[in-house]
2 protein chains.
Amino acid sequence: MPKRVDHAQRRAHIADALVRVAARDGLHAVTMRAVAAEAGMSLNLVQYYFDTKAQLMHAALQHLEQQSHERWSAQLESLDDPGSARACLEALVDEALPVDADSHTFQLVWTSYAVLAMTDPELAEQPFIEGPNRLERQLTSILATAQAAGEIAAYLDVSAEAARLLSLGHGVGISVLVGQRSAAQARYLMRYHLSRLFNDPTPPEAPGQHLTAVS
Amino acid sequence: MPKRVDHAQRRAHIADALVRVAARDGLHAVTMRAVAAEAGMSLNLVQYYFDTKAQLMHAALQHLEQQSHERWSAQLESLDDPGSARACLEALVDEALPVDADSHTFQLVWTSYAVLAMTDPELAEQPFIEGPNRLERQLTSILATAQAAGEIAAYLDVSAEAARLLSLGHGVGISVLVGQRSAAQARYLMRYHLSRLFNDPTPPEAPGQHLTAVS
DNA sequence: ACTTTCATAGTACCCCTGTACTGTAAAAGC
DNA sequence: GCTTTTACAGTACAGGGGTACTATGAAAGT
């Protein structure tokens, strides 16, 4: 019953399948046939909606980026006090860390793409440079207003603090993904960082024993 | 002239070739034939020294780890004042960041392996969990003595500080590898972090303009 | 009603990859 | 001096990968 079909929706469905395969088996295991099987369609249909594998890969990356952007926006709008920098940053931490299955998947696949981009400059430009830069600027302005309000010390370099926060989040996320740290330990680390940023004398409650999963 | 040959040296030569290929074209481009060509030998020789590709990959990873360990040890011993925690940490930063071609290569390939390990638990255990944990413990003890000497504030969680330093370094390194930040900007960020850790009121000299490469 | 277009299926092709098999000259062992 | 081992080369094979080609019902247009 071949009715008229929404191409955008079909493409999103396929991109989702790709992300699931990549999260489960790794980005190197993403093949046209594997994506087709995961999406529950024939190999040819995947090629019908994406002429080439490179296009599919690129589309899935954009799909990922957009989803992440939407999650981040939603998280921001769900804040009780949108003006509180502290609450905003804690929301960022909760969203950026691979604490639930969704963000775990996102972080893993995103990082896989990032590694791919390291040796494929054409892939890198838009998502991995402009995207983070935009986030960093956004964060910098949040920190600047917090600094103006006296929430964080005046001698801090807000631009550096924004970069530090994002890079630290990325690094901690990776340590979780490889299994070095648990999500709870990562959360503690990031909250500890925030407590240092806001010059909070009492650190957050500690997680189970140590900061590394295995002794 | 088939004389008796040092197998360990041959294996190291091949592993080096693998690392070069991975650094140039990505770990996904590492194939038996590509490694053989890069090493200047026939395909069969590579298989002669490594029965299977999995063994080769594993050996190259161990090779990388050992090299990194040696570089780190050498850097530590070349310090003027081995007791100075600040100098030690700055040495760590200089070695961990992809500032020169060697550490750029190392960081890139290492991260590629790390991503591989995220979906291949068998690969992860030894190098990506035990290795970082060891480094983290080492750092923790350095920080603890610095704390006892009053160089860093008493209320800091040295274990968390060690983890923060390493994860931040990793995250910043990745931002350099994808081309978001320059090596100089990364250096500034890490020195800024150290100045915060040691409660240094004057931040290090700023790099060119902003912290991100492109506006 | 007839044609065109759309969404889908099946299949085939060619290249690349890991691996195995066979061969060979030079050193080493006895 | 003969045999065995060692370090290498060449080639072949089977599987999987992306991609292209052809076919086919069902809807839509006119």
Side-chain angles (χ1 to χ4, degrees), chain A residues 1-22 24-61 109 112-113 115-116 119-120 122-123, chain B residues 1-61 63 109 112-113 115-116 119-120 122-123:
Chain A
M1 48 300 260
K3 250 193 340 197
R4 207 52 162 276
V5 164
D6 181 358
H7 272 226
Q9 175 188 324
R10 275 285 205 269
R11 284 161 171 269
H13 179 69
I14 296 175
D16 274 331
L18 187 152
V19 170
R20 282 197 302 274
V21 172
R24 180 174 4 103
D25 305 326
L27 199 55
H28 61 273
V30 165
T31 166
M32 295 268 131
R33 287 168 174 84
V35 171
E38 178 72 29
M41 48 177 68
S42 81
L43 161 63
N44 204 339
L45 263 206
V46 176
Q47 242 204 316
Y48 179 72
Y49 289 104
F50 298 97
D51 277 356
T52 177
K53 187 189 179 185
Q55 286 184 28
L56 169 59
M57 296 283 282
H58 196 75
L61 179 57
V109 181
S112 302
Y113 268 105
V115 167
L116 220 61
T119 52
D120 184 357
E122 163 199 6
L123 183 65
Chain B
M1 48 296 261
K3 254 195 333 198
R4 207 52 165 273
V5 165
D6 181 359
H7 271 225
Q9 176 188 323
R10 275 286 205 270
R11 284 161 171 267
H13 179 70
I14 297 175
D16 274 330
L18 187 152
V19 170
R20 282 197 300 275
V21 172
R24 179 173 8 101
D25 306 326
L27 199 54
H28 60 274
V30 165
T31 165
M32 296 269 133
R33 286 168 176 84
V35 171
E38 178 73 28
M41 48 177 68
S42 82
L43 162 63
N44 204 339
L45 264 207
V46 176
Q47 242 203 315
Y48 180 72
Y49 289 104
F50 297 96
D51 278 356
T52 178
K53 187 189 179 184
Q55 286 184 29
L56 169 59
M57 296 283 281
H58 196 74
L61 179 57
H63 186 63
V109 181
S112 302
Y113 268 104
V115 167
L116 221 59
T119 51
D120 185 357
E122 163 200 5
L123 183 64

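Numbered from 1 within each chain, the chains take letters A, B, ... in sequence-line order.
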Check whether any side-chain nitrogen or oxygen of [X] sits under 4.0 Å from OP1 or OP2 of [N], and answer yes or no.
X	N	value
Y48(A)	dA7(C)	yes
S42(A)	dT8(C)	no
Y49(A)	dT8(C)	yes

Problem - Contacting residues from residues 7-27 of chain B, given that a heavy atom lies under 4.0 angstrom of DNA chain C - result: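 Within this stretch, nothing sits under 4.0 Å of the strand.
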Return yes when atom NE2 of H58(B) has more than 12 non-hydrogen atoms of other residues, nucleotides or ligands closer than 6.0 Å, and no otherwise.
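No, the 6.0 Å shell around NE2 holds no more than 12 heavy atoms from other groups.
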Answer yes or no: is there a side-chain heavy-atom contact under 4.5 Å between [X] and [Y]?
X	Y	result
V30(B)	L56(B)	no
M57(B)	L116(B)	yes
H28(A)	L27(B)	no

At what distance, to the nearest 0.5 angstrom, does [atom1] of [X] lie from [atom2] of [Y]?
X	Y	atom1	atom2	result
Q9(B)	I14(B)	CD	CD1	11.0 Å
L61(B)	L18(B)	CG	CG	10.0 Å
L43(B)	R33(B)	CG	CZ	5.0 Å

If I take atom [atom1] in residue [X] and atom [atom2] in nucleotide [N], what distance separates them, rounded to the nearest angstrom?
X	N	atom1	atom2	value
M41(B)	dC8(D)	CE	P	7 Å
N44(A)	dT24(D)	CG	P	15 Å
D6(B)	dA7(D)	CG	P	10 Å

Has R11(B) got a side-chain atom pairing as donor or acceptor with Y49(B)'s backbone, closer than 3.5 angstrom?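 Side chain of R11(B) to backbone of Y49(B): a pair is present.
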Protein heavy-atom contacts under 4.0 Å, written 5' to 3' over nucleotides 14-19 of chain C as B (base), S (sugar-phosphate only) or - (none), form the string ---BBB
